[in-house]
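What follows is a single structure, written as structure tokens, with notes after it.
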Amino acid sequence: MSEQNNNIPELFLAPYNPDDHEDNLYALWNDSGYFNPDNCIKDDITAPDAEPFSIVLPPPNVTGTLHMGHAAMLAIEDILVRYNRMQGKRTLWIPGTDSAAIATQSKVEKILLKTEKKSRHDLGRDEFLKRVNEFAEDSKNSIINQTKKMGSSLDWSRYAFTLDEPRYHAVMTAFVNMYNDGLIYRADRIVNWDPKGQTTISDDEVNYEERQAALYTFKYSKDFPISVATTRPETKVGDTAVAVHPDDARYQAYIGKTYDFTFCDVPVSVTVIADKEVDPEFGTGAVGVTPAHSKIDWDIADRAGITRRPQVINEYAKMTVGGRLSNLKVEAAREEVVTWLRAEGLLEKEETVTQNISTAERSGGIIEPLPKLQWWINVNKKFTLKHSEISGIASGSEVTLKELMIAAVAHENIDIFPERFKRVYFNWIENLNDWCISRQIWYGHRIPVWFRGGELKVQIESPGADWVQESDTLDTWFSSGLWTFSTLGWPNETDDLKTYHPTTVLETGYDIVFFWVARMILMSGYHLGQVPFKNVYLHGLVRDGKGRKMSKSLDNTIDPLDMIKLYGADATRLSLIIGAAPGNDMPLSEDKVRAYKKFANKIWNISRFVLTNIVDADWNQTPKLSERDDEILQDLQDNVAKVTTDIEKFSLYLAGENAYHYIWHELADKILEESKPILSGDNADAKFARQYVLKECLVTSLKLLHPFMPFVTETIWQHAPASLKDSSLLMVAKWPSYTKR
RNA sequence: GACCGAUUAGCUCAGCUGGUAGAGCGCUACAUUGACAUUGUAGAGGCCACAAGUUCAAGUCUUGUAUCGGUCACCA
């Protein structure tokens, strides 16, 4: 771009049009190489021993395109990154994308069914994976383009994908290490089975929906002495016990007795047992125990030493028993059992209750608890943490993963903004159970376990042609948990890992605290003895102008690309920052974006005015500042101080608002207006002093605003005379310093 | 059931460690072709959810109540 020193660049005569500049500017920044801190050091922009500042981008799923939530994330992180880069830190922001195993696989399965009427099994594992990879590749490219449109100053040379070779190596290594430490084990127990997605899922992927349901009270047979209640009569053909409270006087006589009968054509044998967990006040005070289809019942059976656990429902949520229930879906079987109970005169009561029904987060399918052989991470087992940098945990001490996760936050190795989420985090850990990490889907990291006959080996490479690999893949959050260090080269001991880990900030949505934030703390604590990040900044959900969730059904979604096209990336960014405190949902309306486009134009015109009025200034002179000039400069410093401390405190919404307010209502409304007579007056000293003041105000304002609105500020910078600048690129100019009053 | 958050101008929200209310948008009036595909100036509009308490002083701290929202847990 050309520089003009003596005249106003013609470009300033028209209003600022973002679309004319943004793509060129992004290319200018990207080509400079300064998104990569190594180049900043090489070119003497950053000191080689400067403090590091690193963020790893939460990798968007390769399931489609970016939405406003992503745009907000990019805006917040880019502000932090640009600010710190201008502060002279070794600043690294790593881009990436996430395979999002279940989400992506099911999306491709849907497309496949629609366009070719085929299932993944029709194609076979290899061919299907080829299709998923093609889809992911397309999606990846459009996501990267959109990310660039937002102005994100990411170091693309370090781009990572959760399924690429280095990450594969990290994931495999992590699995093998944890297995060898006894933290990963295989066990047969009740899992959350998603019949729709045909896979197990972890507790955190289960959602609860409140629904009305019928609660039936009945007897198994005429001769059975105790009534029980259930909302799922169809499971009762799988009962092996009835549990009562040990002190319940009503049922003392029956404890230990076994009854055989035929229930809805199925022979059933039930033993009456005592269990302290049974609430004698609830219902009849007796629980029908179905060990194979309820986690609680499984545990009750465990305690009672009952080993018989007949499975009566299969992976397709269909009955596996004979007789009238044969092959029925669970809902149909439920009605059939109730009909039978009525006919037999066994049904005693039917009432409506509200209950929470479990559904799968991704597919929406109703969870069917089933016993299955799966891989788990033990969060309560002691292991030796050889090396620890986490305060509260000494190197070489015996800890559990739970203790590690608690220590990381409790001892302030990690700060969370807003702070109230600490409590949410602790609360979650208290209730944490072992993590089921195996999934019955194909797209993802295949578990590095090999079988031959009854033998089992855990290692990355195949032990030989006669060994068969585990067909399950890993929960996507297993690999995501490694993200802060797998992106930096782990398990290799790279310079990046030494310099940039723990990362400085993790910025993500509060809805993902358990899935991701907690798992990263677990993985980083275990594998490195470090926290994954020193600060967590949690943003809210982007909502519409009326505070409603953006959704396709409400037709109130706003596409970031549309906003960028209409109003520019700068306006889009600022609209997602101002009024958005961490942890709070962010209202966004098109009006708001439009308002900030006007602001971009305001800066444009301020610059035009100032640049026009300082062309004849000779900066070699020393300005003789009036009292008012001093006051203006001091006020400018105060605003620099305010913006700087607010960014340091992660109060970006305050910093942005302050910069906006100062530039519009102080600089433009007051300072520029009062300068007009001085600039056109005949007091040469006063005029030059004011020119100097205006120059300072403009240069400083452009710098202050650059992290928030990088495009318009850099455009102006590129067209300002070299004599005003300390760097040819505003992106790597020095952040203004200030002295406190 | 447990925990968390919100409740301030018509709308969306700021008000940090307590000193008797602010911004943006909207509205009304006036001015202006100006650095400004407009902008500026001025104005109207609030028992800061309710109650009690601490204090010389409370949107601001404590307790309780109500309404809305959220997270987690869950009994058949």
Side-chain angles (χ1 to χ4, degrees), chain A residues 8 12-17 203-204 206-208 210 213 215-217 227-233 235-236 239 242-244 275 277-290 294-297 300 353-356 358 418-433 510-511 513-514 540-541 543-547 549 575 578-581 583-589 591-592 594-613 645-646 649 651 653-654 657-658 660-661 664-665 667-670 672-673 675-676 679 694 698:
Chain A
I8 331 155
F12 282 103
L13 296 175
Y16 176 64
N17 180 18
D203 294 347
D204 297 285
V206 177
N207 287 338
Y208 297 95
E210 215 168 63
L215 178 69
Y216 303 97
T217 306
S227 302
V228 295
T230 185
T231 54
R232 298 201 58 187
T235 64
K236 297 292 105 180
D239 283 13
V242 163
V244 298
D275 193 286
E277 294 297 305
V278 178
D279 178 1
E281 305 293 323
F282 188 90
T284 62
V287 183
V289 178
T290 324
S294 154
K295 187 170 183 332
I296 292 159
D297 293 5
I300 293 176
V353 294
T354 34
Q355 66 161 25
N356 277 330
S358 314
E419 207 178 348
R420 71 184 127 96
F421 280 95
K422 278 189 186 176
R423 198 191 276 258
V424 177
Y425 172 82
F426 289 131
N427 188 24
W428 177 80
I429 293 180
E430 271 169 38
N431 293 313
L432 183 63
N433 293 315
Y510 65 71
D511 54 332
V513 169
F514 307 138
L541 265 51
R543 293 176 178 273
D544 74 2
K546 292 172 183 152
K549 221 175 199 170
S575 69
I578 294 184
N584 290 349
D585 291 349
M586 305 171 253
L588 177 73
S589 61
D591 281 345
K592 195 173 175 187
R594 195 181 296 123
Y596 292 121
K597 181 186 195 239
K598 287 187 187 170
F599 179 53
N601 197 52
K602 191 76 182 177
I603 306 153
W604 189 251
N605 281 297
I606 290 168
S607 304
R608 172 177 162 189
F609 177 86
V610 174
L611 294 177
T612 310
N613 281 288
T645 50
D646 280 338
K649 284 191 295 191
S651 299
Y653 64 112
L654 293 179
E657 199 177 286
N658 191 273
Y660 172 90
H661 196 265
W664 197 315
H665 299 298
L667 183 57
D669 289 354
K670 303 211 174 99
L672 256 51
E673 288 304 325
S675 298
K676 285 175 185 173
L679 294 166
L694 288 179
L698 177 66

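Quick note on labels: first sequence line is chain A, next is B, and so on, each numbered from 1.
With hydrogens and angles ignored, the 3.5 Å screen pairs a side-chain donor or acceptor of A:Lys592 with a backbone N or O of A:Ile578. Judged by distance alone, with hydrogens and angles left aside, the side-chain atoms of A:Ser294 form a donor-acceptor pair with the main-chain N or O of A:Asp297 at under 3.5 Å.
Within the nucleic acid shown, A:Ile578 has no heavy atom closer than 4.0 Å to any nucleic acid atom. At the heavy-atom level, A:Asn431 lies under 4.0 Å from the strands shown only through sugar-phosphate atoms. Residue contacts shown for A:Lys649 are absent, as no nucleic acid heavy atom lies under 4.0 Å away. Nucleic acid contact for A:Ala286: none, since no nucleic acid atom lies under 4.0 Å from a heavy atom of the residue. No contact: A:Thr290 has no heavy atom under 4.0 Å from any strand. A:Asp511 comes within contact range of no nucleotide atom at all, as no heavy-atom separation falls under 4.0 Å.
A:Tyr510 has its side chain within reach of A:Leu541: a pair of non-hydrogen atoms, C-beta onward, lies under 4.5 Å apart. When side chains are defined from C-beta on, A:Leu694 counts as touching A:Ser675, because their heavy atoms get closer than 4.5 Å.
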Evaluate A:Asn605 against A:Arg608 for side-chain contact (heavy atoms from CB on, under 4.5 Å), listing each step before the verdict. CA-CA 5 Å; A:Asn605 281 297; A:Arg608 172 177 162 189; 4.0 Å; yes
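Distance from the side chain of A:Phe514 is smallest for B:C72 among the nucleotides B:A76, B:C72, B:U39. For A:Pro15, taking side-chain heavy atoms from C-beta onward, the closest of the listed nucleotides B:U39, B:C72, B:A37 is B:A37. Relative to the side chain of A:Arg420, the nucleotides B:G5, B:A14, B:A76 differ in distance, and B:G5 lies closest. Side-chain proximity of A:Phe609 to the nucleotides B:A35, B:A73, B:U41 is greatest for B:A35. Counting only heavy atoms from C-beta on, A:Leu215 has its side chain closest to B:A76 among B:U39, B:A76, B:G40. In the set B:U39, B:A14, B:C72, B:A14 carries the atom at the smallest distance from any side-chain atom of A:Asn584. Set against B:A35, B:A76, B:C4, the side chain of A:Asp279 has B:A76 as its closest nucleotide. When each of B:U71, B:A76, B:U39 is scored by its nearest atom to the side-chain atoms of A:Val424, the top-ranked nucleotide is B:U71. In the set B:A76, B:G5, B:G15, the nucleotide with an atom closest to the side chain of A:Tyr653 is B:G15. Side-chain atoms of A:His665 lie closest to B:G24 of the nucleotides B:G24, B:U71, B:U39.
Computed from coordinates, the A:Lys670 NZ to B:G40 P distance equals 11 Å when rounded to whole Å. Taking atom CG of A:Asp585 as the reference point, atom P of B:U7 lies 14 Å away to the nearest angstrom. When rounded to the nearest whole Å, the span between CG of A:Leu654 and C1' of B:C13 equals 12 Å.
If you run side chain to side chain contact (heavy atoms under 4.5 Å, CB included) between A:Val287 and each of A:Thr230, A:Asp279, A:Val278, only A:Val278 comes through.
Taking only side-chain nitrogens and oxygens, A:Asn605 comes nearer than 4.0 Å to OP1 or OP2 of B:A37. Considering only side-chain N and O atoms, A:Arg232 lies nowhere under 4.0 angstrom from the phosphate OP1 or OP2 of B:A76. Checking the phosphate oxygens (OP1, OP2) of B:G40, a side-chain nitrogen or oxygen of A:Trp664 falls inside 4.0 Å. Residue A:Asn601 places at least one side-chain N or O under 4.0 Å from the OP1 or OP2 atom of B:A37.
Checked by distance alone, A:Glu673 brings a side-chain donor or acceptor within 3.5 Å of a matching partner on the base of B:A35.
Taking syn as a glycosidic angle within 90° of 0, B:G24 does not qualify and is anti.
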